[in-house]
Amino acid sequence: MAWTEERVEELKKLWSEGHSASQIAARMGGVTRNAVIGKVHRLGLSGRAAPAKPKTVTTEVREAVATAAPERERRAPVRSVLRDLPPIGDFGSDRLTVSSIGTDQCKWPIGDPASEDFHFCGQSAGGGKPYCAYHAQLAFQPSTSRSARKERTAPALPRPIRAVS
DNA sequence: CCCTGATTCGC
DNA sequence: GCGAATCAGG
């Protein structure tokens, strides 16, 4: 399909409106996003109105802090949602560190990260999941009823104080 | 893996 | 001029 005058106009319009090359290609048909990009360059209009202002990192942090709920609200009422999976016992004498833990081992942190004996749960997680069955139910709590959501606006933070062993 | 635009180069 | 292939980045 050729770049007729009409199609070029359409391209200019869509591009200036901020559509991506693939979006334009899909909308106009008969061309790939590569064709669109190529044409855009040949037309010399590669520069576009900035869709998003470049935020500084410190700005983002400030916004995140301002938006975040207080600590008490972010904590989930873990105990009330626990089902019947028991914590699994000691996994041995080896302490799993950040570098020694495997991909299929539970990454639930145990202890004080600043402390020497800080380690991870290490139970089998499986399926590329981050936690074992027990800790998964602590970390990923279902957001079901509206009333339940009132009590908790965000998922629980994995922050156990004491070792589970 | 999904996506983005940028560039190269044979056609 | 065109655009597929490729690259670099998110």
Side-chain angles (χ1 to χ4, degrees), chain A residues 1-71 73-76 78 81 83 85 88 91 94-110 113-114 118-146 148-149 152-160:
Chain A
M1 187 150 292
W3 283 110
T4 63
E5 210 170 300
E6 298 80 55
R7 288 173 63 81
V8 170
E9 287 306 310
E10 180 77 354
L11 168 60
K12 284 180 180 174
K13 184 192 167 205
L14 294 174
W15 183 258
S16 63
E17 283 174 359
H19 296 278
S20 73
S22 61
Q23 285 175 325
I24 295 174
R27 198 180 207 272
M28 296 182 64
V31 282
T32 64
R33 76 176 198 96
N34 281 311
V36 169
I37 291 173
K39 187 59 180 173
V40 160
H41 270 246
R42 265 170 260 127
L43 289 171
L45 38 79
S46 64
R48 235 185 340 188
K53 317 163 193 172
K55 274 180 191 170
T56 65
V57 173
T58 50
T59 301
E60 288 186 21
V61 170
R62 258 189 245 114
E63 289 176 356
V65 169
T67 310
E71 178 79 7
E73 293 181 19
R74 272 185 284 139
R75 292 284 202 105
V78 170
V81 202
R83 292 183 292 279
L85 278 176
I88 311 176
F91 49 82
D94 289 338
R95 300 259 118 137
L96 294 166
T97 64
V98 175
S99 54
S100 70
I101 193 168
T103 52
D104 279 335
Q105 292 186 288
C106 178
K107 295 165 190 63
W108 188 274
I110 294 174
F118 172 73
H119 58 287
F120 295 99
C121 164
Q123 287 296 326
S124 173
K129 293 187 167 56
Y131 304 125
C132 67
Y134 173 69
H135 286 129
Q137 79 175 1
L138 298 188
F140 305 115
Q141 294 173 37
S143 57
T144 52
S145 68
R146 191 169 273 277
R149 210 170 304 177
R152 167 177 49 80
T153 58
L157 294 177
R159 263 189 65 185

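Within every chain, numbering begins at 1; the chains are lettered A, B, ... in the order of the sequence lines, protein sequences first and strands thereafter. In what follows, every heavy atom counts, from backbone to side chain, and hydrogens, waters and symmetry copies are set aside. Owing to the predicted nature of the structure, the values given are computational and were not obtained by experimental measurement.
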Quiz item: Roughly, in whole Å, what's the span from CD in Q23(A) to P in dC2(B)?
Solution: 17 Å

Practice problem: Give the B/S/- string for nucleotides 5-11 of chain B, one per nucleotide from 5' to 3', where a protein heavy atom under 4.0 Å of the base yields B, of only the sugar-phosphate yields S, and otherwise -. | Solution: BBB----

Exercise. Determine, stepwise, if the pair H135(A) / K107(A) fulfils side-chain contact (heavy atoms from CB on, under 4.5 Å).
Key: CA-CA 9 Å; H135(A) 286 129; K107(A) 295 165 190 63; over 6 Å; no

Exercise. Please list, chain by chain and in numerical order, all residues satisfying side chain to side chain contact (heavy atoms under 4.5 Å, CB included) with A125(A), sequence neighbours excluded.
Key: none

Quiz item: Could you state the CZ-P distance from R7(A) to dG1(C), rounded to the nearest angstrom?
Solution: 18 Å

Quiz item: Does the side chain of K39(A) get closer than 4.0 angstrom to OP1 or OP2 of dC2(C) through an N or O atom?
Solution: yes

Self-check item: Electrostatic pair E9(A)-K12(A), nearest N-O below 4.0 angstrom
Solution: yes

Quiz item: How long is the gap from CG on L14(A) to CD on Q23(A), to the nearest 0.5 Å?
Solution: 9.5 Å

Quiz item: Hey, is the main chain of K39(A) close enough, under 3.5 Å, to the side chain of W3(A) for a donor-acceptor pair?
Solution: no

